[in-house]
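Ligands are counted one by one from 1 in listed order, and the atoms in each one are counted from 1 as well.
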Amino acid sequence: MKRDLLGLKGVSAAEIEAILKGAARMKYNLLHQNKKAPHLQGKSVVTLFYENSTRTRLSFEMAGKYLGAAVGNISASSSSVQKGETLIDTVKTIDAMAADVIVIRHPMGGAPALAAKHAKAAIVNAGDGMNEHPTQALLDMFTIQEKKGHIDGLKVAILGDIAHSRVARSNIYGLKTMGAQVSVGGPVTLMPPDIEKLGVSVFNSVQEAMIDADVIIGLRLQLERQKSGLFPSMREYSRFFGVDDRRLRFAKPDALVLHPGPVNRGVEYTSSVIDGEQSCINEQVTNGVAVRMAVLNILTGRNLQDADLN
Ligand code: NCD
């Protein structure tokens, strides 16, 4: 049976560990050897993006190419989607070209799951609306594990626009499964109702959420998804909810600073925090390629013993 990666909800700790272990091997190849490896030789990967993206799309493309796959990219703005083709028809068209993996980003939550029902290819969710973004959370967890040696027992604070963030949701599912303690902090207008049901501690200030944190994950204000009027102005948002050097001291002195990107400099973090010693933001991008290499490898079935994602 084909396997998809649609989200981290319901994915077990053993499966996450298998992906992180695979990513560590891939990172070694990426940094220390000839980058071209044969794992996906004879396979094909297509990225199908209905939303803007820099790092996620390129990261999947590089991951596929480093492993020897044929890679094609479609962005909805320049495809037949503009001519009225449905998601299912587009996916079937890509299927008909013998794609092995289709990586989908879509503004509607659930779109990759719908595609998965109709596609022969394995589907990877690269971000669906406000639902999930599993490979982002996996690369965040990989970065944490690499720097701290473990995830279990750590305190992770997720800050800012939780309500509109698929990154927050995937991280909450994954981090909880891996035994971390998760707190969320941000304006009450950007906090989803019932978020505490996911087993997180909820605060209406970033400082409280950050107390003694081992890791902080700042989130971009997802203006494109917000109805107007959720906060007075960017300036006020950064004053009350942005993290600067002074606020960072609420976290542990060696706390890691993570951000999925793209960063709004001076809004969620000041430049001194983005470029500071605790920041792992650039390394997250490298780790993103390694994690996506591992995911593509596992889904194309060359390493069946490594993980079963369904
Ligand atoms: C995130 C996304 O698109 O969900 N970015 C990313 O994938 N690196 C977060 C964001 O857009 O702020």
Open item on the list: Please determine whether the number of non-hydrogen atoms from other residues, nucleotides or ligands lying under 6.0 Å from atom CE of Met97 exceeds 12.
Closed with: no
TODO: Determine whether more than 12 heavy atoms belonging to other residues, nucleotides or ligands lie under 6.0 Å from atom CG of Asn52.
DONE: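 Incorrect, the count does not exceed 12.
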- [ ] Using distance alone, determine whether Gly261 and ligand 1 share an N or O pair under 3.5 Å.
- [x]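 There is such a contact, yes.
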Open item on the list: Check this for me - ligand 1, Pro260, N or O atoms closer than 3.5 angstrom, yes or no?
Closed with: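 For ligand 1, there is an N or O atom that lies under 3.5 Å from one belonging to Pro260.
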- [ ] Would you check whether Gly127 reaches within less than 4.0 Å of ligand 1, judged by its heavy atoms?
- [x] no
Open item on the list: I'd like to know whether ligand 1 has Glu51 as a neighbour, heavy-atom separation below 4.0 Å.
Closed with: no
Open item on the list: Students often mix this up, so state it plainly: with edges at 30° and 60°, are the rings of His106 and Tyr50 parallel, tilted or perpendicular?
Closed with: tilted
TODO: Give the atoms of ligand 1, by number and element, whose distance to some non-hydrogen atom of Arg55 is under 4.0 Å.
DONE: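 Listed by number with element: 8 (N).
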TODO: Any atoms of ligand 1 less than 4.0 Å from a non-hydrogen atom of Thr56? List them with their elements.
DONE: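 Listed by number with element: 6 (C), 7 (O), 8 (N).
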Task: Closest to atom 3 (O) of ligand 1 among Arg166, Gln284, His133, Glu268 (heavy-atom distance) - done: Arg166
Task: Verdict with reasoning, Thr143 to Asp140, per side chain to side chain donor-acceptor pair (under 3.5 Å) - done: CA-CA 5 Å; Thr143 307; Asp140 293 341; 5.4 Å; no
Open item on the list: Please determine whether a side-chain nitrogen of the Lys or Arg among Lys197 and Asp194 lies less than 4.0 Å from a carboxylate oxygen of the Asp or Glu.
Closed with: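 Looking at Asp194 together with Lys197, the answer is yes, because their closest N to O distance falls below 4.0 Å.
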- [ ] Could you tell me whether the side chains of Asp245 and Ser272 share a donor-acceptor contact shorter than 3.5 Å?
- [x] yes
